[in-house]
Amino acid sequence: MHKKTIYFTILFFFLICIALGFYLWHKPAEVKSLGKPDYEKNLLDWVASLDSDPHADQTFMAFIGKSVKFNAVVSEIKGDSSITLQLESGKVGFLVDANFDVSMKEEVGSVLTGDSVTLQCECNALNLPQNTDDLLSEKLMKLGRCNLLKRSTSVPDLSKSHEHDTISKKSIP
Amino acid sequence: MSTQKIQTYSAIIFIYCFLFFQQSTAQVLKTSTGNVFFKSKTLSEEFVANNSQVSVAISPSKNQMQFRVPINGFQFKSALMQKHFNENYMETSKYPTGDFVGEIKNIGDVKFEKEGEYPANVVGKLTVHGVTKEINTSGTIAVKASGIVLKSSFKIKCSDFGIKIPLSSIDSISDAISIDVNCVLSQ
């Protein structure tokens with residue numbers, strides 16, 4: 001009887017481990033940054049400090065894979081398969097790209113150039129020209145898995161409010 | 001029309017053509033939203049990931065080609081696989097980008113100013129995980145009104161780039177990874 005209990009306990013824990021492993025292995029990856037951000041930044045100040053930093057690539061390494069929340073103004077909308085918003089950086093020759101997963105095309109599709117947005121993204125890379133012959137001559141901050149938290153249109157319409165709060169209750173930190 | 005006028009007009013047309021040709025050959029074609037897909041397939045598992053944040057630039061006049069891929073931009077289906085990929089295999093916080101710098105060997109066969117699809121043989125240096133290797137691959141360059149479409153498929157070996165796959169995962173992750181490149185470039 002005592003042996004039976006031990007066997008059942010072992011079997012129970014074994015099945016729990018199998019189920020947990022199966023769940024973790026098949027848990028889908030997030031396509032957008034959710035939860036409390038690792039950092040909250042003023043994008044223009046952040047860009048200015050990276051632009052003047054001679055070791056900006058080293059500095060930015062601390063942010064890679066981390067989530068950051070910020071406000072920005074959309075300067076260009078690009079991308080074919082997925083949507084990428086190019087954001088105003090305040091510095092000439094320094095670009096900021098915020099990429100959204102292809103599944104968010106409908107949600108982000110209504111954003112227009114000039115709109116003010118609040119985004120939460122993951123930091124992917126900071127591309128810096130390696131030498132004078134570098135064809136990729138601009139400084140480019142790449143943000144991915146972006147989540148559109150808030151948008152307000154550039155042209156105010158007094159007849160109705162244009163505040164579009166797209167924060168889901170789950171995503172509020 | 002006098003001969004002098006004809007000569008003047010001819011000279012103007014020639015200068016225009018010359019300047020247009022100079023401009024078209026000195027241009028750099030670029031994108032920062034190129035796509036790269038990769039696939040690892042073994043008998044027991046298949047992993048697919050895509051990245052739509054690839055920076056690409058081509059200078060036809062200098063015959064230079066450059067790719068920069070943010071490694072953290074690869075989107076997997078499985079959260080655990082994505083975590084392992086970035087933290088254990090690619091060490092993304094240490095090596096945030098994959099880079100390719102090369103040239104088109106048969107650049108003379110590619111008419112960037114004329115619509116059409118041209119086969120391209122590309123040779124250059126690929127740096128992944130801090131290791132640089134010479135690669136030689138082929139693909140196509142399609143010149144369209146909407147832009148220049150680059151397509152290529154090739155394989156790389158994880159072991160060539162110092163990417164260690166633990167023995168426990170050897171049945172799930174292939175050493176040979178298939179890479180598909182699909183980018184639309186414009187001026």
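Proteins come first, then strands; the chains are lettered A, B, ... in the order of their sequence lines, and each starts at number 1. The figures here come from the full heavy-atom set of this structure, side chains too, leaving out hydrogens, waters and symmetry mates.
Nearest heavy-atom pair, B:Pro96 versus A:Met61, reported as atom, atom and distance to 0.1 Å: CD-CE, 3.7 Å. Nearest heavy-atom pair across B:Gln66 and A:Asp134 is NE2-OD1, 2.6 Å. Nearest heavy-atom pair, A:Lys142 versus B:Pro70, reported as atom, atom and distance to 0.1 Å: CD-CG, 3.7 Å. The nearest pair of heavy atoms linking A:Cys123 to B:Asn72 is O-ND2, 3.4 Å. The minimum heavy-atom distance between A:Gln130 and B:Arg68, with the atom names listed, is CG-NH2, 3.4 Å. Among all heavy-atom pairs drawn from B:Ser93 and A:Ile64, the shortest one is CA-CG2, 4.5 Å.
Only the backbone of B:Ile58 comes within less than 4.5 Å of a heavy atom in chain A; its side chain stays farther off. With a 4.5 angstrom heavy-atom cutoff, B:Val101 does not touch chain A via any of its atoms. In this structure, the portions of B:Gln64 lying under 4.5 Å from any heavy atom of chain A include both its backbone and its side chain. In this structure, chain A has a heavy atom under 4.5 Å from the backbone of B:Phe74, while its side chain stays farther away. For a residue to count as touching a neighbouring chain, one of its non-hydrogen atoms must lie under 4.5 Å from one of that chain's; by this rule B:Asn86 does not touch chain A. For B:Lys83, no part lies under 4.5 angstrom from a heavy atom of chain A. Contact of B:Thr97 with chain A is made through the side chain alone, with heavy-atom distances under 4.5 Å. Neither the backbone nor the side chain of A:Val102 comes within contact range of chain B; no heavy atoms are under 4.5 Å apart. Using a 4.5 Å cut-off between heavy atoms, B:Lys77 contacts chain A through its backbone alone, with no side-chain atom that close. Contacts between A:Leu140 and chain B at a heavy-atom distance below 4.5 Å involve the side chain alone, from C-beta outward.
Within a 6.0 Å sphere centred on CG of B:Leu43, other residues, nucleotides and ligands contribute 12 heavy atoms or fewer. A:Glu106 CD: 12 or fewer foreign heavy atoms inside a 6.0 Å radius. The environment of A:Lys41 atom NZ is dense: over 12 non-hydrogen atoms of other residues, nucleotides or ligands sit within 6.0 angstrom. The number of heavy-atom neighbours closer than 6.0 Å to CG of A:Leu11, taken from other residues, nucleotides and ligands shown, is above 12. The environment of B:Lys144 atom NZ is sparse: at most 12 non-hydrogen atoms of other residues, nucleotides or ligands sit within 6.0 angstrom.
Side chains of B:Lys30 and A:Glu138 form a contact here, defined as non-hydrogen atoms less than 4.5 Å apart. Using a 4.5 Å heavy-atom threshold, the side chains of B:Ser32 and A:Gln86 count as separate.
For B:Gln75 (side chain) and A:Glu30 (main-chain N/O), a donor-acceptor pair under 3.5 Å exists by modelled atom type.
Taken together through direct or relayed side-chain contacts under 4.5 Å among Ile, Leu, Val, Met, Phe, Trp and Tyr, A:Val73 and A:Phe70 form parts of separate hydrophobic clusters.
Under 3.5 Å, the side chains of A:Asn124 and B:Gln53 contain a donor-acceptor pair of N or O atoms. Between the side chains of B:Ser52 and A:Ser82, at least one donor-acceptor pair of N or O atoms lies under 3.5 Å.
The candidate from A:Thr84, A:Asp101, A:Asn99, A:Leu136 with the greatest count of non-hydrogen atom pairs under 4.5 Å with chain B is A:Leu136.
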